[in-house]
Amino acid sequence: MTTLTSERPAAAPGTAQAGGPEILSRSMLIGGEWRPAVSGRTIAVENPGRREPLGEVPRGEKEDVDLAVAAAAKAFPGWSRVAARDRGRLLVAIGLELEARQEELARLIASETGNALRTQARGEARMVADAFRYFGGLAGELKGITVPLGEGQLSYSRREPIGVVGAIVPWNAPAQLAALKIAPAICAGNTIVLKAAEDAPLAVLLIAEICQDHLPPGVVNVVTGYGKECGEPLAEHPLVRKVSFTGSTAVGKAIMRAAADRIAPVSLELGGKSPSIVYPDANEDWVLDGIVASMRFTRQSQSCTAGSRLFLHEKIFDSFLERLVSKTSALKIGDPLDEETDIGSIINERQFTKVCGYVSDGLNRAESRLLTGGLPPTEGPLTKGYFALPTIFADTSNEWRLAREEIFGPVLVAIPWRDEEDAIRMANDSHYGLAAYIWSRDIGQALRAAHAVEAGWVQVNQGGGQSLGQSYGGVKESGIGREMSLEGMLDSFTETKSVNVNLAVPPPSSAH
Ligand code: NAD
């Protein structure tokens, strides 16, 4: 069994508990200092794969947010005046240190999220380092433009930082999402207060520790706490000039309302119920692998981009599903830190119960067919953590709760179609519009569907994760704004200022 180690106690010493697992005790990073909550209260962090205590972090509230925002506001004038290339150099240095410590980061991610180390957490840790290096390299691209208004005019624009960014992230890919907010925000010259998710704050605090080794105090601040107590005051704070949020659509709406009061710009990366459309010519093994990947079964489908509605052409419906079931049931579920494990655990008991509720709902529908999975076992090794079974229901209606709501768990619904138009209509019949997956060897047909589907991100004949450099975000209730790219950094983390200069000022009059 792998155990966690905390060799560098800079963020706060880890305290071993006699007889039990080591408990990592961490503080918040505010103005370059590691601080407990003003109230002194803490939140317990659990390893959901073992249902064991893992650590504790401060239960930050409004007073703590006020301190963090004040520290970020104080640091802003100095940081914004650092030459962009010098900021970039610091980001690259952070990226290199993150790369050197990526195994430590990956183990922390696996321990607190339940995401399997081999299939998920290592990739996430790599992405964290890559994000800092990528945005560091882009610092020189924070350029404005000149506008040809005539010989007597110089018209140019500047990309200026916005000020203090308030960022809020969820637990499902906590380190990656934090890196994808911190790196572009500070690269562009902003300072940031980031609220980590209450279920998975430890990897984010490790990133903060590494950032702090390289940056002036107050440029990066990380607070921990619950959404209402800590996230809400951050989103509402008058000195927060931009809010970047990743999380559920319901909370995203509340964030947007709070920001509207002071006309603060928001980026919202929200939920999804993404369709996979499989054409009859794609009844092949590589497509099965792609569906398993796009459904994110190996991260318990706790992914906003999970292709959780599978629209299969009626000609291949049964044969495709039969083989998909055997692929899916071959995946090994178990302790996230075990190298053999493909699928780890659900994040917490509340989410586990919610997923089971959806499965029960499917089981209670006389018309739907359970093909694999179902409710988790009530005895045996899988009861040690919050382990859910990859579950597939066939013959589901697109109108059902299972096909309309974001489950954020490994429940896939398969729906047959006959006409392309009908498949696209069903795919678009959702208030979400984050990702979509199209599967066909006929590239014309596939691109027709890719263009017709309402989603911010479409993949054709593949089901992988997002890539740095590609603007990413949703349409409809899946969010607004794009991040992850140069354009995303410019649009989300800078303001454009236009400057017009009259070059035809007459010479000083000799009469004076
Ligand atoms: P959530 O919205 O409950 O919480 C996300 C974060 O917001 C947490 O840090 C939480 O503490 C905070 N929060 C909660 N209530 C708040 C409030 N009233 N004011 C301010 N902050 C508040 O979401 P979750 O359950 O942690 O994460 C799952 C959701 O995130 C899913 O809907 C998923 O689709 C979405 N998500 C989207 C993307 C994307 O890129 N579009 C990526 C990952 C996750």
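Note that this is a predicted model, so its numbers are computed, not measured. First listed ligand is number 1; within each ligand, the first listed atom is number 1.
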Taking it one step at a time, do Ile277 and Trp417 satisfy side-chain contact (heavy atoms from CB on, under 4.5 Å)? CA-CA 9 Å; Ile277 302 177; Trp417 60 275; 3.9 Å; yes
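Residue pairs that meet the side-chain hydrogen bond (donor to acceptor under 3.5 Å, both in side chains) test with at least one member in residues 164-181, sequence neighbours left out, are Lys181-Ser244, Lys181-Thr246, Lys181-Glu483. Residue pairs meeting the ring pair (Phe, Tyr, Trp, His ring centres under 6.0 Å) criterion with at least one member in residues 452-493, sequence neighbours excluded: Trp457-Tyr472.
Ion pairing between a basic and an acidic side chain is recognised when a charged N comes within 4.0 Å of a carboxylate O; Arg51 and Glu349 show no such pairing. A salt bridge does not link Arg262 to Glu236: none of the charged side-chain nitrogens sits closer than 4.0 Å to a carboxylate oxygen. Salt-bridge check for Arg59 with Glu56: failed, with every basic side-chain N at 4.0 Å or more from each acidic carboxylate O. Here Glu495 does not pair with Arg241 in a salt bridge; the nearest charged N to carboxylate O distance is not below 4.0 Å.
Under 4.0 angstrom from ligand 1, the non-hydrogen atoms of Leu434 all belong to its side chain. When non-hydrogen atoms are compared, ligand 1 lies under 4.0 Å from neither the backbone nor the side chain of Gln351.
Under the 3.5 Å distance criterion, the side-chain polar atoms of Asn190 are matched with a main-chain donor or acceptor of Ile162. Arg41 contributes no side-chain N or O that, together with a main-chain N or O of Glu61, makes up a donor-acceptor pair within less than 3.5 Å.
One option in Ala235, Ala306, Gly272, Ser248 has a heavy atom closer to atom 3 (O) of ligand 1 than any other, and that option is Ser248. Closest heavy-atom approach to atom 35 (C) of ligand 1 within the set Gly247, Gly271, Gly252: this belongs to Gly247.
The protein heavy-atom contact nearest to atom 24 (P) of ligand 1 is Trp171 NE1, 3.5 Å. In this structure, the protein non-hydrogen atom closest to atom 9 (O) of ligand 1 is Val169 O, 2.7 Å. Cys304 CB, 3.6 Å is the protein heavy atom nearest to atom 36 (N) of ligand 1. Nearest to atom 18 (N) of ligand 1 among the protein's heavy atoms is Glu232 OE1, 3.6 Å. For atom 40 (O) of ligand 1, the closest non-hydrogen atom of the protein is Tyr472 OH, 3.0 Å. Ranking the protein heavy atoms by distance from atom 27 (O) of ligand 1 puts Pro170 CB, 3.3 Å first. Of the protein's non-hydrogen atoms, the one nearest atom 13 (N) of ligand 1 is Gly227 CA, 3.3 Å. The shortest contact between atom 21 (N) of ligand 1 and any protein heavy atom is with Gly231 CA, 3.6 Å.
The contact set between ligand 1 and Ile255, taken as ligand atoms under 4.0 Å from a residue heavy atom, comprises 20 (C). Every atom of ligand 1 with a heavy atom of Leu177 under 4.0 Å away is listed here by number and element: 43 (C). Taking every heavy atom of Glu269 and a limit of under 4.0 angstrom, the matching atoms of ligand 1 come to 37 (C), 38 (C), 39 (C), 40 (O), 41 (N). In the vicinity of Asn172, heavy-atom distances shorter than 4.0 Å reach the ligand 1 atoms 43 (C), 44 (C). Within the listing of ligand 1, atoms 31 (C), 32 (O), 33 (C), 34 (O) sit less than 4.0 angstrom from a heavy atom of Glu406.
With Thr224 as reference, Pro201 is the one residue of Pro201, Ser27, Cys230 to meet the side-chain contact (heavy atoms from CB on, under 4.5 Å) rule.
Residue Glu198 places at least one N or O, backbone or side chain, under 3.5 Å from an N or O of ligand 1. Between Lys195 and ligand 1, at least one pair of N/O atoms sits closer than 3.5 Å.
By the 4.0 Å heavy-atom criterion, Asp199 is excluded from the residues contacting ligand 1.
The environment of NZ in Lys74 is sparse: at most 12 heavy-atom neighbours from other residues, nucleotides or ligands sit within 6.0 Å.
We find the CG-CD1 distance between Asn221 and Ile30 to be 7.0 Å, quoted to the nearest 0.5 Å.
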